[in-house]
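The next block holds one structure in the form of structure tokens; read it before the comments.
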Protein chains: 2
Amino acid sequence: MNVPEQLNRINQQLTSKNYKLTIQRETTVRVLLENEEDHMSAEEVFMRVKNKHPEIGLATVYRTLELLTELHIVEKMNFGDGVARFDLRGEDHEHMHHHLICTVCGEMEEIKEDWLLEMEMRLEREYGFSVKDHRLEFTGTYKTCEKNGCKRECEAVT
Amino acid sequence: MNVPEQLNRINQQLTSKNYKLTIQRETTVRVLLENEEDHMSAEEVFMRVKNKHPEIGLATVYRTLELLTELHIVEKMNFGDGVARFDLRGEDHEHMHHHLICTVCGEMEEIKEDWLLEMEMRLEREYGFSVKDHRLEFTGTYKTCEKNGCKRECEAVT
DNA sequence: CTTGTTGCAAATTATTTGCATGCCC
DNA sequence: GGGCATGCAAATAATTTGCAACAAG
């Protein structure tokens, strides 16, 4: 699905709830689309949006990200570093990716598989809990700590 | 394992790293032991510690919790509400519990099982990633929203 | 003594809010 | 022209840090 189509889809979601796709919101969404795998903080999103649309205010970006989170268009995450991070949810794997976080280099990789379906069925059955979303993170180290995404500061002690 | 034994174990972990089990640290650990299932914020821990030892400062509690986190004695968690929460890790299930978070009442339940061992082996094999820790959270709703732990504000819309 | 630890206050960081102004049906 | 949206600045909330004073080996 390309950018105009995605924007269109998001626009529909917004308008169906009486929100407008203003230029600020559109620019923010574009930045998110262009950095889909980046887990940006609000500040990072702000800086990139500011490149394209310098008049925007930080508060607007926060408000937009909050709105998009409510609409389940983006996912708000916490890796324990005191900053919230945001990712678009592609509609195909809305709820189907997990995270590997390397403690040596701090790099983070996404695993685009859903390993939890069976568990969710079990929760439904055994706990009477019906799952809307989940989050699964593994912290540890890459054996080589040089594998694909994991390139920063790898001189640290293993 | 009772309180004195646990304290003793923690004391050993501290002294082995040249840290002292000061009265402030001991009091903090006691509070954590007494509220093992509570996922307290730093502020909550502080208030309870202050009851037992009114001279303590908030910064000390923060410093203690940070220290204990580094030593893997407590687990620092984030539920996305902007507050870090802390739990003792019992040595038996150091890394073996998952969370159910009910979006209706906000209540949180722990599942004391480890469902991820198989996945971790797979990560090791297929991704060359060796897992030190993990976090698994499910958000959703209890069918009844009245099940055991889930008692607050249940008049909200389901 | 020396080193780690504490309490307080001030600083920092992330995020939210109030409000006057602007924009669009 | 009425209500949602925005930008700015100020407010809030959580956490961290600087520093002088303590405490214990």
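Just so you know, these numbers use all the heavy atoms, side chains as well, and skip hydrogens, waters and symmetry mates. Proteins get letters first, then strands, A, B, ... in listed order; numbering begins at 1 in each.
For A:N18 and A:L58, each mapped to the nucleotide of DNA chain D holding its nearest heavy atom, the one lying further toward the 5' end belongs to A:N18. The nearest heavy atom of DNA chain C to B:E55 and to A:A59 marks one nucleotide each, and the one closer to the 5' end goes with B:E55.
In this structure, B:Y62 places its OH atom 16 Å from C1' of C:dA9, rounding to the nearest Å. B:K17 places its NZ atom 16 Å from the C1' atom of C:dG4, with the value rounded to the nearest Å. Following rounding to the nearest Å, B:E66 (CD) and C:dG4 (P) show an atom-to-atom distance of 16 Å. Atom CD in A:Q24 sits about 10 Å away from atom P in C:dC23, given to the nearest Å.
Taking only distance into account, the side chain of A:R63 meets the base of D:dG7 through a donor-acceptor pair shorter than 3.5 Å.
Using a cut-off of 4.0 Å between Lys/Arg side-chain N and Asp/Glu carboxylate O, A:E70 and A:K76 are scored as not salt-bridged. Electrostatic pairing of B:E26 and B:R30 counts as a salt bridge here, judged by a charged N lying under 4.0 Å from a carboxylate O. Ionic pairing of A:E43 and A:R85 is not present here: no N-O contact between side-chain nitrogen and carboxylate oxygen is shorter than 4.0 angstrom.
Heavy-atom neighbours of A:E55 CD from other residues, nucleotides or ligands within 6.0 Å: above the threshold of 12.
As judged by a 4.0 angstrom heavy-atom cut-off over every strand, B:E43 is placed among residues making no nucleic acid contact.
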